[in-house]
Structures are given as structure tokens and as C-alpha cells.
Amino acid sequence: MSSIAPAHSPAASALAAPSTVVHKFGGTSVADAERYRHVADLLLARPESLQVSVVSAMKGVTDALIELAHLAAQGDAGWQEAWHALRARHRGAAVALLGEQVGDTVDWIDARFDQLAEVLAALAVIGELPREVLDRVQGLGEVFSAQLLGTHLRALGEDCAVLDARDVLVVGHGELGVDVDWDASAGRLAAWRLQHPQLRVVATGFVARDRQDRVTTLGRNGSDYSGAIFAALFNADELHIWTDVDGVLSADPRLVPEAVQLHALSYDEACELAYFGAKVVHPQTMSPAIRLGLPIFIRNTFHPGHPGTRISAERSPRGPVKGLTLSADLALLNLEGTGLIGVPGTAERVFAALRQAQVSVVMISQGSSEHSICCVVRAGEAARGRDAVVQAFSHELAAGQVQRVQVSEGVSVLAAVGDGMAGQPGVAARLFESLGRAQVNILAIAQGSSERNISVAVASADATRALRAAHAGFWLSPQTFAVGVIGPGNVGAALLDQLLAARQQLLAKANVDLRLRALASRSRMRLEADGLHEDWRQALQDAGQASDLDQFTEHLLAAHLPHAVVIDCSGSAEVAERYEGWLAAGIHVVTPNKQAGAGPLARYQRIRAAAAASGARFRYEATVGAGLPVITTLRDLVDTGDEVLAIEGIFSGTLAWLFNRFDGSQTFSELVAQARSMGYTEPDPRDDLSGVDVARKLVILAREAGHALSLDQVQVESLVPALLREGSVDDFMARLGASDDALLARLHDARERGAVLRYVARLGPDGASVGLQELPADHAFANLRLTDNVVQFRTRRYCDNPLVVQGPGAGPEVTAAGVFADLLRVAAGEGARL
Ligand code: ADP
Ligand code: ASP
Ligand code: MG
């Protein structure tokens, strides 16, 4: 039944418009008068000769009717108010839509609502809600809706018939859901057509009659199915399902905002997606379409120019996975027992018991050891299912052959769907890898033998994160990282600027989305839902929120993004205290802050242990040598089995500059003042001159090389005179001159021996020290550029000729670049294609 309909010649058919098209408009497309008008315009612009429009109730009306029926049956007097409100909504829509031509329509509506009120009053009396009454009530929204659209089309001068599906559609309710009595329905439709030969028909969705002639429905969201049934009954060439999204997307856009539109799907793929919860199309829609081979288009009423998604018999093998779905509100039912091993028929007994208890099984998984059988069932049916299985296995439970029958609540099933998965190795691996990286624990796994679907059960608390991680893992959306930055000082500010500047490019080129979701200074913090993209300075200034790292963390995790990273540019010990907790929670930590790396050994070890346990990464390249690859180099040496014998170098750009310039032509204190004014020193130059900073870097490197070194084990020569260690910076600067002579004397002594003075850090067999040293004038460290850092590794492999990393090792820009590089390494470690 494609466009090659008998009426067309094959040659013309490719260009000719399809002759019969059935359109289905969901509740989202007919929410109010304005939308009905829009739908009518859309219909009038279409070329087909016979046009059938199946409509849902106005958005929210079915829910309201169901609620109304329950209220009445519970004897809640509130039903009357709700009834009034619903009538008012329909009257209002009619008046707004039809204006002066509203005529009988309000009377028509009132009459239907009066009948409804009688039914509700009766429910209030009997105090219960029989199934068939509920069916009658909940389907009324479609009856009103079809009337509204049909009347509007007529008011526009169109010859249009309104078809109440309760007059023609006959269905039965079988075990596999609703089945259509095609012969009876076709017969009734033919009779109806004799009376209503119009070329435009507006029909009710959702409602039908059962074989006993009672009013019934096709189940929630059943109007899609109605559309397909009418497409078959009218022998349509195409079925168009109009909704509020551009078609079937790769995942539910409410959970995965980056979901992409799918141009085409096979019936099989659409079935799997629908069955596993993609709300956009009802699972049963496919059966009439498949039977006739007619294509279904899922389209956006709000965007009628968009071609939407074409669902047909054609398979397009593109991408192993087309889409992902999530079904919530499930539970895991597990039967476990050593006595099950090798016993035939156990699975059958489990499922027979569940079937008898009318518990439907969403997913089944059995380990090959047969030690346990587990299945996923709906949460509401779980207790019933457990009781049924316990009863079926009561004998084995008593005899100890079955150890337990357990239910775990709060389970969701994530399904990956695509024809292209069949016969393609590695798809499951990719899924599990993505979930593993996002710290999602998998409770059970199932793959259909069609290989069109892999399903995993996960805790509902992890479900959204799992969905997003898998979506990114199959390159359906970017690898998204929730980034939180703490401490927008010099380095932090440079990093934020670099990050925001590079964001778009990373997104476009590498499909990595680094979303700055949280930013905290010492006093204020800014938490953003979607991420801060522009002026972070202003945003932070406008932030009314006081800094609170608990909230900061909570917010970072709350987005359910697959990955979260904290970048600590604060230099604070308090923040470093948080690393362990963050890493344990799976949040990566990237930092130029030396507090953790050089702080108490026990804390450092706890941090490393937390990272090792969770798989989250702790990266701190920029703590030594700013952006220079010092730690990465060292780590590579160690990881490849080399042994570090000694580490030596100049780790402070400030001290390097001071001693490179110190030739006696200026006093040392003058040089310090000059360095300070050029921004080469810390705000308090004593932080540089004391040597502690250098000692910290040495500790970090020593630990990286496998030595359990602590700061107090490093011998530190401070260049700050003992008397000046306390007091204000200004005071210190004013009095530093007092030690000029002593330093000058050391310089002269060194010169006499043909040597120079350098502030050097050393780690070797005889311990760790940092301090001023005399080096031969031809020594490598004596001939560096002004502020260069140098680190020299002497190892078993690099024994005679040490490995040297050298270059500019200070300044906010290069330090921030080092931090950024760490961040990208973390992203790459999570599978980003960088
Ligand atoms: P209608 O009222 O038109 O029948 P529904 O609310 O039943 O609309 O279905 C459309 C909604 O389905 C979309 O707005 C979207 O939020 C949701 N949805 C869930 N999964 C998907 C998916 N994979 N693709 C598209 N939409 C989806
Ligand atoms: N109105 C019905 C429902 O909300 C049917 C449909 O819209 O598909 O379930
Ligand atoms: Mg729907």
C-alpha cells in the first residue's frame, strides 16, 4: 500500500501526492482553540484527495476525566467543581474557536456534560468505579475534540464528516492487548461511509466498542493505535502522527536534551523503542502498518515544514544504536538457589506462576550457572509476583533448594535499540563501558536474540545518568561533563576564560561538552542549571548565594550528567579536605592546588585510595612547573616500570628569575621589589622566598615517584630572615634590605669559585632538600631563561643522561593551560575522542 496505489501509474506515482492519508493529532497538538485552528490550516494545505484526521482529547483532558471518575466513585464532592472546570474549558475552546458560528456547539457540549454528570452522580452513589464506566468516561475527551475540529472545518466551508469511532471500531481485549475485529469494523465503516461519503473525515482516537458492544478504549496513548487502525480501514497510503517533537528522537528529550532526531526507522526498531517506553509512538501502532507496509511519519505540528521520522519496512543499518529508552517504576524479582542448577523447567515454573498472578514480565535474565533467575516486573505487580513465586516454590524453599525469592524496588530498564546491532561485536561492551564510567551499577542484563535490543536494569536513582552516559557513549550526544570551578583567582580566572573560549570548538570538533555548572569563590557561588556560557565574572558578581561546598557538590551531581569534575584553583586546605569525598562519589578532581599533594601523608593516601576505588581521576599536573608536562612525564616513567633514582631542579619561576638577575648590580631586595611589581611573586613574596612552595612541589614529585615523603622531612633553606617571618608584607618589604649584604657576600664567594647561585630542589638517596646552591657556571641549571623551570629525572633508564623537562613554569596563563590539559585528559579517559 505504498504510494504506488492502483489509481496511479507507476511512473506518475513517484511525483503524485498520496491519495489517502490518515493524520493523527495528539493531545499536545490540540491543546486549545488556537491549536485547533493551526491543525485545520495544516490539513487544508495538504494535497491528498481523501483525508482522515484522528484526534486525541485536548491536552490533559483524559487525565482530568479519569480523575473525575475516581473522585465521584470515592464520594468526593470535589468532582462537581472539577466537572464544571472541564466543561468550562470545552465551552471556552468552542467559543474561542468558532466565534459567531459557535451556534449549537455549546448546547451539544452541555448535553454531553449533563450525561456525564448523571454517570458521575451514579458513581457517587454506588461508591465504586466499574471498568466499563471508567472506559466510557475517559474516552469522552476524544468525542469532544473530534466535534470541535469537525465543526471548525465546516465553519471554514469544508465538507467534513465527524466519525465517532464508537460507531464503527470493534475490538477485543486479549492477552496481548487490544486486537481489532477487522471484518466487523470494516463492515460498520462501509455502512457509515454510505451515509458519509465526504472526502474529509474527522474521527475520534482512543475509543472503540468491544464485541459485547460496550464502549471501550485502546489503552492510554491509544490514539496512535486508532490512527493506524483507521489508516488500514481507509486503505491509506500514509499515516502521519502529529505531535510536539520533530519525530522520533534518539532518546526522550525531557531526559536527554541533546537527543537527535532520527530520519528513518524500521518498523522493528520503532516497535522496540515504543515497547520500551518511547512515548512518542504507541507500540501497537505498528501492527496494522506492518501488515499493509504503509509508512508512518512522526511529525511536529509546531514545525509542519519538518519532514519528521519515517517508519517503514526499510532498514537502514546506520549506527549500531538508533535510540535509547528508559522504563521507570519497575522492580527486580530474583529467585536464587543452589538447587536450581541443571534442573529443567525452573524458568517455566517461574513464568507460569507470574502469568497466573497476571504479572507481566518486562525483562528476563538468567546467569548461565542457573543459580538464579531474575526478571523485571512492574513495581505495582512486584509483591503479587513475589507471592506467586514463593508459593510455586514453597516446597523447594522449605527443603532449602531455593534460598530466597527477593524483590528489589526502584528499578528502571535502559534499552538500546537498533537494527545495526545484529552481528556487530562490541555494542554491548560500549554500553557497559559508558555505564561503568558514569559509575552506574548494572543489576541485570538481557539481549533479545534478534540482537536489536540490549536492555539493562539499573537503580532508578542512576537511570537518567545512565541514559545520558549511554547516549553519549554511542556518540548520539556529546560527552557531557558537569564542571565546577572553585577559586576564580589568577589561575582560576585564566582557566575560566580558556574554558569558555574553547567550549564551542571542543563541542564541534571533539563532541565534548564541558558545562560550567558551578562556580564558587571564597564568599559567593553561582549554580547554573544548563551551564554558564558567557560572562562568568558578572554572573559571579550577581550571585546572591553564599558559598557552600555541600550545595555546590549536590548541584554538580544533580544534573545527572554522566561525568562531573571539580577544578580547585583555590589553594585552600579546606577545599583539599573535600577531595576524598568527591572522588569517592565519582567526581573527578583537577587542581593546581598543592595542599592535597603535599599535605598530610595520610590524607594524600586516602585521596588516592578513594580515586582508585571509584575510578574517578585525581589530576594535578599544574602543581609543579605550571603547564609543563612534569608529572605526566614522571608518571609515564613509573608506569612503564622505570625506577626514579633522583629528582633535581629549579621549581620556582620567581626564584629562578631572582637568581638569574642577581649579579651584584642591584641589591637582592631591590630585585624582589621589582619582581613583585611585575607580578612575578606571590602577593606576599615570603611565600616564594621561604622555599616552602618549592618544598611542596618536591614532595608531590617524590610521592608520584613512589616515596612516602612528607613536607617536614624536607630540609628547607628559607631566604626570609627569621626576624621578618611575622608582620605585614609592607613591613617585610621595607626591611628586607637588612639581609642584602649577606646574600651579596654569598654571591661573591660563589663567583670566586667560578660558580653561580641557584635555588635548587633535590631528592636523592640522601634525602630531600631545597635551598640555595652554588652550581658551576656551565651547569645546565645555570643557563636557563629568566623564569624557566627545570626538572631533571635520573632513573634506571635515564642514568647517565637524565631526562629533562624545561620551560616557562609560572604565570596564570600557562598554569591554567596545565589545568585545562588535565581536564581534557580526564575527558579522554572517559572516552572522549580528543
Ligand atoms: P501526543 O500528545 O502527541 O501523543 P505524547 O506526549 O504522547 O504526545 O508523546 C510525545 C512526547 O514523547 C514528546 O513530547 C517527548 O517528550 C516524548 N518522548 C519520549 N521519548 C521520545 C523519543 N524517543 N522521541 C521523541 N519523543 C519522545
Ligand atoms: N487521550 C488518550 C490518552 O491521553 C489517548 C491519546 O491521547 O493517545 O491516553
Ligand atoms: Mg501519544
Side-chain angles (χ1 to χ4, degrees), residues 23-32 35 38-39 53-67 86 134-135 137-146 165 178 203-208 216-230 239-263 265 269-285 296-303 306 308-309 311 321-328 414-418 463-464 467-468 470-471 476-477:
H23 299 271
K24 177 262 170 176
F25 294 93
T28 47
S29 300
V30 290
D32 55 31
R35 302 304 308 160
H38 175 79
V39 164
S53 304
V54 177
V55 290
S56 286
M58 284 197 276
K59 189 176 184 172
V61 166
T62 309
D63 287 333
L65 285 163
I66 294 172
E67 168 85 12
L86 199 58
L134 174 62
D135 268 355
V137 172
Q138 70 176 335
L140 286 173
E142 272 66 12
V143 178
F144 306 147
S145 182
V178 177
T204 56
F206 191 39
V207 290
T216 186
T217 67
L218 306 184
R220 290 311 306 270
N221 291 302
S223 295
D224 293 342
Y225 191 23
S226 306
I229 295 169
F230 278 117
L239 168 62
H240 294 227
I241 294 181
W242 296 87
T243 179
D244 63 345
V245 279
D246 280 341
V248 181
L249 307 180
S250 53
D252 187 334
R254 293 163 298 188
L255 302 177
V256 184
E258 313 73 12
V260 290
Q261 190 253 341
L262 304 173
H263 303 288
L265 284 175
E269 288 171 329
C271 282
E272 303 266 1
L273 285 173
Y275 177 73
F276 280 94
K279 193 186 171 199
V280 70
V281 50
H282 191 274
Q284 277 172 314
T285 311
I296 304 172
F297 297 85
I298 310 289
R299 308 186 58 178
N300 193 346
T301 14
F302 295 82
H303 197 176
H306 195 288
T309 300
I311 304 175
V321 169
K322 286 274 178 55
L324 296 153
T325 62
L326 203 57
S327 324
L414 169 70
V417 171
T464 305
L467 178 66
R468 291 181 181 180
H471 199 264
L476 298 172
S477 64

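Numbering of ligands and ligand atoms starts at 1, following listing order.
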> Do the non-hydrogen side-chain atoms of Leu324 and Val256 ever get within less than 4.5 Å of each other?
Replying inline: no
>> Is any side-chain heavy atom of Glu142 closer than 4.5 Å to one of Thr62?
In response: yes
>> So, 4.0 Å and heavy atoms of Gly277: is ligand 1 close enough to count as a contact?
In response: no
>> Nearest non-hydrogen contact with atom 22 (C) of ligand 1 belongs to which option: Thr62, Leu273, Leu324, Leu249?
In response: Leu249
> Would you call Asp63 and Arg220 a side-chain contact if the rule is heavy atoms closer than 4.5 Å?
Replying inline: yes
> Which of the atoms in ligand 1, numbered in the order shown and given with their element, are less than 4.0 Å from a heavy-atom of Asn221?
Replying inline: 7 (O)
> Is His282 in contact with ligand 2, taking contact as a heavy-atom separation below 4.0 Å?
Replying inline: no
>> Which residue and atom name correspond to the protein heavy atom nearest atom 11 (C) of ligand 1, and how close is it?
In response: Asp244 OD1, 4.0 Å
> For atom 4 (O) of ligand 1, what is the nearest protein heavy atom, given as residue, atom name and distance?
Replying inline: Lys24 NZ, 3.3 Å
>> Starting from atom 2 (O) of ligand 1, what is the nearest protein heavy atom, named by residue and atom, and what distance separates them?
In response: Gly27 N, 3.0 Å
> Taking the side chain from Thr285 and the backbone from Ala228, do they hold a donor-acceptor pair closer than 3.5 Å?
Replying inline: no
> Would you say Gly205 touches ligand 2, if touching means a heavy atom closer than 4.0 Å?
Replying inline: no
> If you count the atoms of ligand 1 from 1 in the order shown, which ones are under 4.0 Å from a heavy atom of Val245?
Replying inline: 13 (C), 14 (O), 25 (C), 26 (N)
> So do Arg35 and Phe302 actually touch side chain to side chain, heavy atoms under 4.5 Å?
Replying inline: yes
> Would you say the side chain of Gln261 lies within less than 4.5 Å of the side chain of Pro253, judging by non-hydrogen atoms?
Replying inline: no
> With a 4.5 Å heavy-atom cut-off, do Ser250 and Lys322 have their side chains touching?
Replying inline: no
> Where's the contact between Pro253 and ligand 1, heavy-atom distance under 4.0 Å: side chain, backbone, both or neither?
Replying inline: side chain
> Using the ring of each side chain (for Trp, its six-membered ring), is Phe297 parallel, tilted or perpendicular to His240, with breaks at 30° and 60°?
Replying inline: tilted
> So between Asp252, Val260, Thr325, whose heavy atom ends up nearest atom 20 (N) of ligand 1?
Replying inline: Asp252
>> Between Ile296 and Ile241, is there a side-chain heavy-atom distance shorter than 4.5 Å?
In response: yes
>> Quick test of your reading of the structure: of Thr28, Thr62, Val30, Ile241, whose heavy atom lies closest to atom 2 (C) of ligand 2?
In response: Thr62
> Who's the nearest protein heavy-atom neighbour of atom 4 (O) of ligand 2, and how far?
Replying inline: Arg220 NH2, 2.9 Å
>> Under 3.5 Å, is there a donor on one side chain and an acceptor on the other for Thr301 and His38?
In response: no
>> Which residue and atom name correspond to the protein heavy atom nearest atom 10 (C) of ligand 1, and how close is it?
In response: Thr243 OG1, 3.4 Å
>> Could you identify the single nearest non-hydrogen protein atom to atom 26 (N) of ligand 1 and state the distance to 0.1 Å?
In response: Val280 CB, 3.5 Å
> For atom 6 (C) of ligand 2, what's the nearest protein heavy atom and its distance?
Replying inline: Ser223 OG, 3.3 Å
> Could you give the distance from CG (Asp252) to NZ (Lys279), rounded to the nearest 0.5 Å?
Replying inline: 8.5 Å
>> Taking only non-hydrogen atoms of Ser29, do any sit less than 4.0 angstrom from ligand 1?
In response: no
>> So does Phe206 get a backbone contact from the side chain of Ser226, meaning a donor-acceptor N/O pair under 3.5 Å?
In response: yes
> Is there side-chain contact between Phe144 and Met58, with heavy atoms separated by less than 4.5 Å?
Replying inline: no
> Just which atoms of ligand 2 are under 4.0 Å from any heavy atom in Asn221?
Replying inline: 3 (C), 5 (C), 6 (C), 8 (O), 9 (O)
> Can you tell which part of Thr28 has a heavy atom less than 4.0 Å from ligand 1: side chain, backbone, both or neither?
Replying inline: both
> Which one of Lys322, Lys279, His282 has a non-hydrogen atom at the shortest distance from atom 9 (O) of ligand 1?
Replying inline: Lys279
> Which ligand 1 atoms does Val248 reach within 4.0 Å, using its non-hydrogen atoms?
Replying inline: 24 (N)
> How far is atom 17 (C) of ligand 1 from its nearest protein heavy atom, and which residue and atom is that?
Replying inline: Arg254 NH2, 3.4 Å
> In terms of residue, atom name and distance, what is the protein heavy atom nearest to atom 7 (O) of ligand 2?
Replying inline: Ser56 OG, 2.9 Å
> Taking both backbone and side-chain atoms of Lys24, is any N or O found less than 3.5 Å from an N or O belonging to ligand 2?
Replying inline: no
>> For Leu262, is there any backbone N or O sitting under 3.5 Å from a side-chain donor or acceptor partner on Thr309?
In response: yes
